[in-house]
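As the structure is a prediction and not an experimental result, all values here were calculated from the model. Below, chain A is the first sequence line, B the second, and so on; all start at residue 1.
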Number of protein chains: 2
Amino acid sequence: MAPKAVSTQSKAQRVTMAAVGKLAGVSQVTVSRALSNPSVVSPETLQRIEKAIEQTGFVPNALAGALASNKSRLISVLVPSINNTTYAAMVQAFAEQLRHQGYQLLLSETGHTPEEEEALIKTHLSRRPDAVMLTGVDHTPSARKSLESAAIPVAELWDLSDDPIGFCVGFDHTAAGRTVADFALAHGHRNAAVIYADDERAHRRKAAFSQRFTQGSGASVADIALAGPATIGGGRSAFAELLAQGFGRGVIFCSSDVLAHGVLIEAQAQALSIPQDFSVIGFGDQAFAKDLFPALTTVRVDREQLGRLAATELLARLNGVTGGGKRHDLGFELIERASTQSKKGERDVASL
Amino acid sequence: MAPKAVSTQSKAQRVTMAAVGKLAGVSQVTVSRALSNPSVVSPETLQRIEKAIEQTGFVPNALAGALASNKSRLISVLVPSINNTTYAAMVQAFAEQLRHQGYQLLLSETGHTPEEEEALIKTHLSRRPDAVMLTGVDHTPSARKSLESAAIPVAELWDLSDDPIGFCVGFDHTAAGRTVADFALAHGHRNAAVIYADDERAHRRKAAFSQRFTQGSGASVADIALAGPATIGGGRSAFAELLAQGFGRGVIFCSSDVLAHGVLIEAQAQALSIPQDFSVIGFGDQAFAKDLFPALTTVRVDREQLGRLAATELLARLNGVTGGGKRHDLGFELIERASTQSKKGERDVASL
DNA sequence: CTGTTAGCGCGTTCAA
DNA sequence: TTGAACGCGCTAACAG
């Protein structure tokens with residue numbers, strides 16, 4: 001039986017507004033109005049139209065509508081990865097706000113380089129989204145130009161910039177790194193290490209932490225970079241490596257809660273005590289951070305709020321409100337829990 | 001300063017194929033061809049067109065293209081939640097396959113009821129996607145009718161059905177529950193409990209487990225249902241509750257690895273030994289399962305393969321290949337690790 | 001309250 | 001290899 005490849009391409013769905021109108025005894029425009037602005041159509045015709053829609057199973061063609069009105073009700077979302085609760089929780093909150101206003105998401109993963117992102121931005125713009133949401137503030141000049149000439153609202157998330165394309169919603173990663181360093185120093189630590197996933201923003205936090213910690217303690221800070229996404233396994237192996245390198249007694253700052261979680265597990269497996277032997281600090285305050293044992297000291301960043309605020313700001317601009325702020329600093333908060341020792345005093349004396 | 005609300009709505013991007021054509025000294029159609037089928041355009045004109053595109057910053061209008069060609073290159077994706085690695089990893093693999101063929105995702109969260117899903121399906125269909133991916137095989141009759149009359153490929157994931165709308169890719173949840181029960185029985189357990197998130201498929205696995213375990217052991221199976229998504233905190237509190245109820249020594253089957261993870265943590269916090277005091281079994285074999293301490297015994301389901309296969313099957317249908325299977329059983333595999341005791345023999349004797 | 005007329009920016013014929 | 005004409009299905013004016 002020879003395979004009958006290449007076939008129909010049928011794709012029925014032939015019902016148009018004109019067809020519905022004919023059945024209801026009105027013109028196509030009236031059907032359009034019945035759907036978009038029912039109050040301006042007489043109750044009787046409205047009823048006939050609704051009946052006709054029911055009978056035919058009519059589904060409006062939003063493509064044609066978008067072309068005619070120059071409004072697609074589509075929002076482009078570009079995130080490094082969807083399989084990462086950091087971004088997923090933010091996108092979820094973002095989408096929730098927009099869904100109520102009839103917007104839907106065109107979503108793509110960008111990977112982690114501006115170059116990969118550039119091509120995707122152009123593809124997305126060809127769909128004529130009403131607005132765009134990007135991750136980070138680092139984009140190629142060409143991508144930036146495309147976005148600017150599209151003349152639609154653009155949100156950049158997770159970071160701050162003095163010159164955003166549209167507006168940005170995020171926080172200061174350098175300040176976050178410093179804050180953690182100050183916390184560690186204030187708790188008497190004189191020995192520290194950083195485990196981080198190789199992400200530009202994480203790298204900036206790590207650099208700020210290390211600089212400040214060294215400045216305050218005189219000690220250099222060991223660090224281990226992990227390729228790829230942050231995983232529990234990655235955190236475990238990085239901590240194991242740190243121990244193998246002779247790192248002893250001190251504080252470990254991880255670029256994400258997931259990595260810190262891995263450190264906790266590796267410590268348990270090696271029968272080390274947290275926080276007696278090592279203090280561990282995460283980043284993000286993901287839902288599980290408070291439920292770990294010991295509960296994780298971390299830096300809280302409100303991912304949902306990030307998504308919600310970006311959505312609200314976009315909606316305002318879509319509704320013609322001008323003059324919204326270009327820079328929204330949501331800040332962060334260090335949450336002290338059981339994975340770091342609370343009392344002060346000299347520590348890490350037996351270090352190395 | 002009175003706010004200047006309601007403004008321009010400009011949305012420039014006025015460059016069309018006609019404009020590019022004029023600049024290049026050719027007609028609009030030739031530009032269209034230069035983009036979609038360059039080989040039929042002479043090298044010189046092609047060059048002039050490319051230059052004109054460069055100069056103008058032309059971005060094709062995919063909306064108009066879709067309307068004219070009746071092909072949107074859009075794939076609708078409806079998942080219960082995006083902030084859940086179970087679905088996120090699957091969507092990621094799914095999108096990756098389709099991206100290479102020039103398709104993009106229109107993504108929405110459905111929540112967990114067929115009714116919520118129904119409205120979204122209709123909204124999505126109005127965008128004229130070339131195909132649709134749904135989660136589960138349980139949909140309202142009305143939604144089913146809409147999808148059928150759309151006459152496009154439809155994939156249903158994570159479950160099996162004898163009468164799918166288009167085709168389904170999943171596994172037998174009842175068989176999975178039974179397999180876990182048989183495993184527990186074979187390892188000598190005579191006391192069991194289930195902790196599960198209130199999801200229809202998880203419920204089916206739980207029911208199958210309980211029935212088979214009771215049948216094999218004569219003992220009834222305690223269970224705790226958790227509202228909302230599976231979380232570590234939920235797993236912890238459920239296990240704590242189980243202990244408070246007097247559940248002692250036995251096996252605990254969790255409807256997801258995340259819940260099982262919570263059980264492990266609660267056990268650690270209460271200084272209980274896994275697997276000496278309790279055997280714990282998860283579901284999903286998520287990346288972290290092997291990295292827990294103790295490593296988690298679980299049921300592997302290949303989420304990436306699920307997404308990939310669905311994408312491949314959809315692509316085949318989009319390319320006109322007929323007769324693909326309507327039911328793809330990807331199966332599952334019980335992965336035995338350290339969270340369950342390996343040797344056989346009577347257990348749980350001190351139970352309750 | 002309803003209809004008429006014009007596009008929106010492309011792909012798809014068909015002719016040249 | 002190129003172009004003219006047409007239409008995809010809808011919204012946006014403007015009449016009536």
Could you state the atom-to-atom distance from NZ of Lys22(B) to C1' of dC10(C) in whole Å? 17 Å
Looking at Thr16(B), I'd like to know whether one of its side-chain N or O atoms comes within less than 4.0 Å of OP1 or OP2 on dG9(C). no
Report the residues that fulfil side-chain contact (heavy atoms from CB on, under 4.5 Å) with Ile49(A), sequence neighbours left out, ordered by chain and then residue number. Val20(A), Ala24(A), Val26(A), Thr30(A), Val31(A), Ala34(A), Ile53(A)
Whole-Å gap separating C1' (dC10(D)) and CG (Asn61(A)): 8 Å
Suppose we screen for side-chain contact (heavy atoms from CB on, under 4.5 Å). Which residues come up paired with Ala88(A), at least two apart in sequence or across chains? Asn83(B)
Please check the phosphate of dG9(D) (OP1 and OP2 only) for any side-chain N or O of Arg128(B) closer than 4.0 Å. no
Please report, rounded to the nearest Å, how far the P atom of dG9(D) is from the CG atom of Leu67(A). 12 Å
What string of B, S and - do you get for nucleotides 11-16 of chain D, 5' to 3', when a contact is any protein heavy atom under 4.0 Å? BB----
Test: salt bridge (charged side-chain N to carboxylate O under 4.0 Å, His left out). Region: residues 97-110 of chain A. Which pairs qualify, not counting sequence neighbours? Glu96(A)-Arg99(A)
How bent is the helix from dC1(C)-dG16(D) to dA16(C)-dT1(D), comparing axes over its five end pairs at each side, to the nearest 10°? 30°
Sorted by chain and number, sequence neighbours left out, side-chain contact (heavy atoms from CB on, under 4.5 Å) with Thr312(B) holds for Gln97(B)
Is the distance from OP1 or OP2 of dA4(D) to the nearest side-chain N or O of Ser27(B) less than 4.0 Å? no
Please report, rounded to the nearest Å, how far the P atom of dC10(C) is from the CZ atom of Arg73(B). 17 Å
Which residue pairs pass the salt bridge (charged side-chain N to carboxylate O under 4.0 Å, His left out) test when at least one of the two sits in residues 111-126 of chain B, sequence neighbours left out? Glu118(B)-Lys122(B)
Gap between atoms CZ and C1', on Arg14(B) and dC10(C) respectively (whole Å): 14 Å
List the steps and the verdict of side-chain hydrogen bond (donor to acceptor under 3.5 Å, both in side chains) for Gln104(A) and Arg127(B). CA-CA 10 Å; Gln104(A) 285 171 269; Arg127(B) 304 252 181 216; 3.1 Å; yes
Could you work out, with side-chain contact (heavy atoms from CB on, under 4.5 Å) as the rule, every residue matching Gln47(A), not counting sequence neighbours? none
Gap between atoms CG and P, on Asn70(A) and dC8(C) respectively (whole Å): 11 Å
Contact list for residues 157-168 of chain B, test salt bridge (charged side-chain N to carboxylate O under 4.0 Å, His left out), sequence neighbours left out: Arg144(B)-Asp163(B), Asp159(B)-Arg204(B), Asp162(B)-Arg327(B)
Who are the ring-ring contact (aromatic ring centres under 6.0 Å, His included) partners of Phe94(B), not counting sequence neighbours? none
For DNA chain C, what residues of residues 41-54 of chain B have any heavy atom nearer than 4.0 Å? none
Considering only residues two or more places apart or on different chains, which pairs with a residue in residues 32-42 of chain B satisfy side chain to side chain donor-acceptor pair (under 3.5 Å)? Asn37(B)-Ser39(B), Ser42(B)-Thr45(B)
Testing Ser72(B), Ser76(B), Pro129(B) one by one against Ile152(B) for a side chain to side chain contact (heavy atoms under 4.5 Å, CB included), which residue passes? Pro129(B)
